[in-house]
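Remember, it's 1-based here, ligands and their atoms both numbered in the order they're listed. Quantities reported herein were computed from a predicted structural model and do not represent experimental measurements. We number each residue from 1, following the sequence as shown. FYI, side chains are in, hydrogens and waters are out, and symmetry mates aren't considered; it's all heavy atoms of this structure.
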Amino acid sequence: MPDPIYDSPHYTLYGSPISYFTGKVRAYLDWKQLPYREVLASAEVYKEVILPRVGFAVIPVVTSDRGETLQDSTDIIDALEARQGGPAVVPATGVQRLAAALLELYGDEWLVIPAMHYRWHHNREWAMRAFGELSMPHATPEEQLAIGTKRAGPFAQAAVLLGAATPAMQQAVERSYEALLAELDAHFSQLPYALGTRPSTADFGLYGPLYAHQYRDPASGALMRRLAPNVARWVQRLETQTAPLAGDFLPGDEIAPTLLPVLRRQMREQMPVLADSARHLEAWLASHPGERIPRAIGSHRFVLEGEEGERIVRPYSLWMMQRARDVYVSLSGSERVRANAWLDSIGGQAFRDYQGPPRLVRSGLSVALA
Ligand SMILES: N[C@@H](CCC(=O)N[C@@H](CS)C(=O)NCC(=O)O)C(=O)O
């Protein structure tokens with residue numbers, strides 16, 4: 001029987017409540033009212049489904065009853081959006097489309113720093129237990145803590161690898177995150193979603209870190225509710241989806257002025273890192289001809305809130321940047337003129353001037369040359 005809303009395949013989402021990118025995809029599936037069931041990615045599910053279908057251990061993974069397997073939250077949303085019809089989560093007009101791509105890049109590839117910092121430096125034991133529960137749902141709490149501590153190991157290191165390494169930098173991460181919360185709180189006190197009364201890929205991108213880590217992890221959730229109750233309400237709106245398939249983006253390709261401080265922060269914090277990452281990748285390619293590009297290619301210095309630190313260089317982030325640049329480059333005529341003026345208003349010169357590495361395609365959790 002056809003689905004009441006779409007003649008749609010039925011989907012299975014393999015993921016977890018504590019996973020960043022599962023949250024992003026789940027919020028999309030829920031708002032879009034797609035028929036799906038969610039299966040917890042236990043150790044058994046990794047072995048029986050994810051590894052055989054994907055080839056490496058990752059969530060989220062979406063499969064359909066037509067035999068497809070989709071991996072990577074950005075590609076999953078793109079693929080489903082292209083086939084499902086219904087109200088679009090990617091705006092049709094230039095500046096809003098650009099803002100959505102930028103905020104998805106920001107949520108996916110930059111807010112991972114505070115997300116990992118708060119999870120592993122403020123919610124550590126809770127998170128270890130949660131990893132254990134997920135991996136072995138039927139084991140005792142002690143067994144779960146033991147297995148969780150083991151499984152969470154690589155994730156627990158991520159906060160440091162991504163930059164939140166020294167006490168001074170951890171304080172900088174917290175200053176930046178708390179200021180972001182204040183900016184988002186002001187925005188969501190005026191508008192239910194990033195670009196209007198309908199969620200977009202901007203919201204789903206931001207929801208990744210702001211749901212699983214910063215809202216659900218107990219100490220982080222308490223901080224969010226205290227400092228930014230309107231952000232917590234936006235999380236709850238996306239979590240419970242009281243009005244799926246409703247609403248619209250602001251008319252006239254407008255971006256609410258309350259969103260601009262968030263984008264200015266992104267331009268200030270993330271753009272220099274992406275520009276420098278592009279130079280690193282070019283140098284790496286020159287010295288490793290024909291080699292597969294790994295997930296991290298060394299490390300580089302970066303600055304946050306006036307503090308200087310060190311973080312790994314992740315080529316994958318440059319693929320997300322390329323997507324945002326593709327939106328910009330596709331704009332012509334008056335849309336390009338408006339986009340340039342808008343980028344100038346958010347300090348986006350580095351985005352306009354960005355010189356990427358050779359064209360990239362996504363390859364699992366890294367990239368390859370196109
Ligand atoms: N960029 C991917 C990344 C997926 C991802 O990083 N998933 C995490 C959990 S939220 C994971 O399973 N990582 C495994 C790993 O990093 O090896 C996406 O958008 O889905």
Side-chain angles (χ1 to χ4, degrees), residues 11 13-29 38-43 45-47 49-51 53-63 69-81 89 100-101 103-116 118-120 123 127-128 130-131 133-135 148 150-162 201-217 274 277 293-296 312 314-324 360-368:
Y11 298 103
L13 169 64
Y14 295 94
S16 142
I18 54 172
S19 146
Y20 203 101
F21 292 102
T22 302
K24 179 182 169 191
V25 171
R26 187 191 304 110
Y28 168 77
L29 293 169
E38 182 165 348
V39 173
L40 267 189
S42 63
V45 165
Y46 272 100
K47 185 159 152 259
V49 182
I50 296 174
L51 286 172
R53 283 197 181 234
V54 180
F56 52 93
V58 70
I59 49 173
V61 172
V62 168
T63 63
T69 301
L70 300 169
Q71 183 270 316
D72 188 278
S73 63
T74 300
D75 279 350
I76 293 168
I77 294 176
D78 266 8
L80 299 187
E81 194 61 7
V89 301
L103 289 172
E104 191 177 15
L105 164 72
Y106 182 52
D108 277 25
E109 296 300 305
W110 192 249
L111 297 183
V112 65
I113 305 172
M116 293 296 153
Y118 280 92
R119 171 165 289 178
W120 298 110
N123 297 271
M128 299 285 190
F131 267 73
E133 261 173 57
L134 171 67
S135 184
K150 190 161 154 241
R151 295 225 171 223
F155 292 93
Q157 281 172 14
V160 166
L161 293 176
L162 292 170
T201 43
D203 297 276
F204 301 126
L206 293 169
Y207 186 78
L210 293 175
Y211 170 71
H213 295 61
Q214 308 291 43
Y215 174 81
R216 271 190 99 257
D217 289 5
L274 291 168
S277 301
I293 302 172
R295 290 176 67 181
I312 52 169
R314 297 180 63 246
Y316 177 93
S317 300
L318 297 174
W319 177 72
M320 290 294 294
M321 174 66 167
Q322 178 179 282
R323 290 169 46 87
L360 304 171
V361 290
R362 186 178 69 80
S363 172
L365 296 168
S366 187
V367 296

Classify the angle between the aromatic ring planes of [X] and [Y] as parallel (below 30°), tilted (30 to 60°) or perpendicular (above 60°).
{"X": "Trp319", "Y": "Tyr316", "answer": "tilted"}
{"X": "Trp120", "Y": "Phe131", "answer": "tilted"}
{"X": "His213", "Y": "Tyr20", "answer": "perpendicular"}

Notebook entry, point to check: Is there a side-chain contact between Val112 and Asp108, using heavy atoms and a 4.5 Å cut-off?
Noted result: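 No. Closest side-chain heavy atoms not under 4.5 Å.
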Notebook entry, point to check: If you count only heavy atoms, which residues are under 4.0 Å from ligand 1?
Noted result: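 Near ligand 1, by chain and number: Ser19, Tyr20, Phe21, Ala57, Val58, Ile59, Pro60, Asp72, Ser73, Phe155, Arg295, Tyr316, Leu365.
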Check: Strictly by modelled atom types, are Gln322 and Arg362 linked by a side-chain donor-acceptor pair under 3.5 Å?
Finding: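 No, because no side-chain N or O of Gln322 sits under 3.5 Å from a partner of the opposite role on Arg362.
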Next item on the list: For Thr22, check side-chain hydrogen bond (donor to acceptor under 3.5 Å, both in side chains) against everything at least two apart and list the hits.
Entry: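 Testing Thr22 for side-chain hydrogen bond (donor to acceptor under 3.5 Å, both in side chains), a comparison that skips the adjacent residues, returns Ser19.
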